[in-house]
Amino acid sequence: MKQITLLLALLTSTNLLADVARGKAVYTANCAICHTVNGGRALGPDFNIVSYTRKKEEIAQYAKDPYSNYTKFGYRANAMPTLPLEDQEFKDVADYISSLQPFKKWMIKKKS
Ligand code: HEC
């Protein structure tokens, strides 16, 4: 019990819990119509998979400006709209998406 309290205090102090919770709300309101999180099918890729293949920074970058990034991310066309959200909201939603696969994301190979 003591350990759990300590862990929660640590997570809260690093703002990790808060960002993930806020990011989930951003996801539900702005992304869920086009992106599933449970391996489902929708217009955009499932975020559980994205969480394996992309770093948090890349997710925030694409979410903020898909039009400038789609060729870099390997797409031949861009169907995702540019969403009118705050920078912090893009960071929070990227935190949430990354949190879907907390261990696998460390296995992403660094580009040489
Ligand atoms: C209207 C549908 C739509 C909405 C809403 C939408 N997306 Fe997308 N998203 C797409 C599509 C389609 C793609 C595939 C590439 C493209 O068309 O730009 C995509 C691609 C992505 C990618 C790149 C994934 C990869 O690794 O290849 C990320 C990251 C992403 N979206 C994040 C978000 C986030 C975060 C939100 C909400 C804040 C969001 N999207 C809202 C349709 C959408």
Side-chain angles (χ1 to χ4, degrees):
M1 198 59 205
K2 206 175 189 177
Q3 288 92 327
I4 292 174
T5 315
L6 269 174
L7 183 65
L8 281 177
L10 184 73
L11 286 173
T12 316
S13 68
T14 56
N15 217 7
L16 202 60
L17 274 183
D19 283 353
V20 169
R22 280 201 305 263
K24 189 174 183 180
V26 174
Y27 163 75
T28 307
N30 302 284
C31 324
I33 48 162
C34 294
H35 293 276
T36 55
V37 289
N38 56 4
R41 270 167 187 266
L43 188 62
D46 179 76
F47 281 159
N48 220 299
I49 305 293
V50 172
S51 171
Y52 279 99
T53 56
R54 301 283 188 199
K55 290 183 202 133
K56 194 156 66 180
E57 295 72 23
E58 294 173 313
I59 296 169
Q61 183 191 339
Y62 200 89
K64 188 179 169 180
D65 190 357
Y67 183 72
S68 305
N69 287 291
Y70 74 93
T71 48
K72 226 181 292 170
F73 276 61
Y75 293 101
R76 285 200 277 169
N78 165 230
M80 176 167 157
T82 302
L83 299 163
L85 300 175
E86 303 290 330
D87 274 6
Q88 189 59 48
E89 293 176 296
F90 289 122
K91 284 188 188 138
D92 290 346
V93 78
D95 273 348
Y96 166 62
I97 295 166
S98 291
S99 78
L100 297 172
Q101 292 297 342
F103 301 106
K104 288 286 181 176
K105 71 180 180 185
W106 296 334
M107 295 165 64
I108 295 174
K109 289 205 180 88
K110 288 230 161 68
K111 290 189 193 96
S112 51

Take Tyr62 and Arg54, measure what side-chain contact (heavy atoms from CB on, under 4.5 Å) needs, and give me the verdict at the end.
CA-CA 10 Å; Tyr62 200 89; Arg54 301 283 188 199; over 6 Å; no
List the atom of [X], the atom of [Y], and the distance in Å for their closest heavy-atom pair.
X: Cys34; Y: Ala42; value: O-CB, 3.3 Å
X: Phe90; Y: Ala60; value: O-CB, 3.9 Å
X: Ser98; Y: Ser51; value: O-OG, 3.4 Å
X: Val93; Y: Cys31; value: CG2-SG, 4.1 Å
X: Asp19; Y: Arg22; value: OD1-NH2, 2.5 Å

How long is the gap from OG1 on Thr53 to CD1 on Ile59, to the nearest 0.5 Å?
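The CD1 atom of Ile59 is 7.5 Å from OG1 of Thr53, to the nearest 0.5 Å.
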Show me the pairs that pass side-chain hydrogen bond (donor to acceptor under 3.5 Å, both in side chains) and involve residues 29-38, at least two apart or across chains.
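Qualifying pairs, neighbours excluded: Thr36-Asp46.
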Using the rule that two of Ile, Leu, Val, Met, Phe, Trp, Tyr join whenever any of their side-chain heavy atoms come within less than 4.5 Å, decide whether Tyr67 and Leu83 are in one cluster.
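Same cluster: Tyr67 reaches Leu83 through Ile, Leu, Val, Met, Phe, Trp or Tyr contacts under 4.5 Å.
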Give a yes-or-no answer on whether the side chains of Gln61 and Asp65 include a donor-acceptor pair shorter than 3.5 Å.
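The criterion, which ignores hydrogens and geometry beyond distance, is not satisfied for Asp65 and Gln61.
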According to ring-ring contact (aromatic ring centres under 6.0 Å, His included), who are the partners of Tyr27, at least two apart in sequence or on a separate chain?
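Listed in chain order: Phe47, Tyr96.
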Could you check if a side-chain atom of Phe73 sits within less than 4.5 angstrom of a side-chain atom of Glu58, using non-hydrogen atoms only?
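Yes, their side chains come closer than 4.5 Å.
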Which residue pairs satisfy the salt bridge (charged side-chain N to carboxylate O under 4.0 Å, His left out) criterion with at least one member in residues 67-88, sequence neighbours excluded?
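Sorted result for residues 67-88: Lys64-Asp87.
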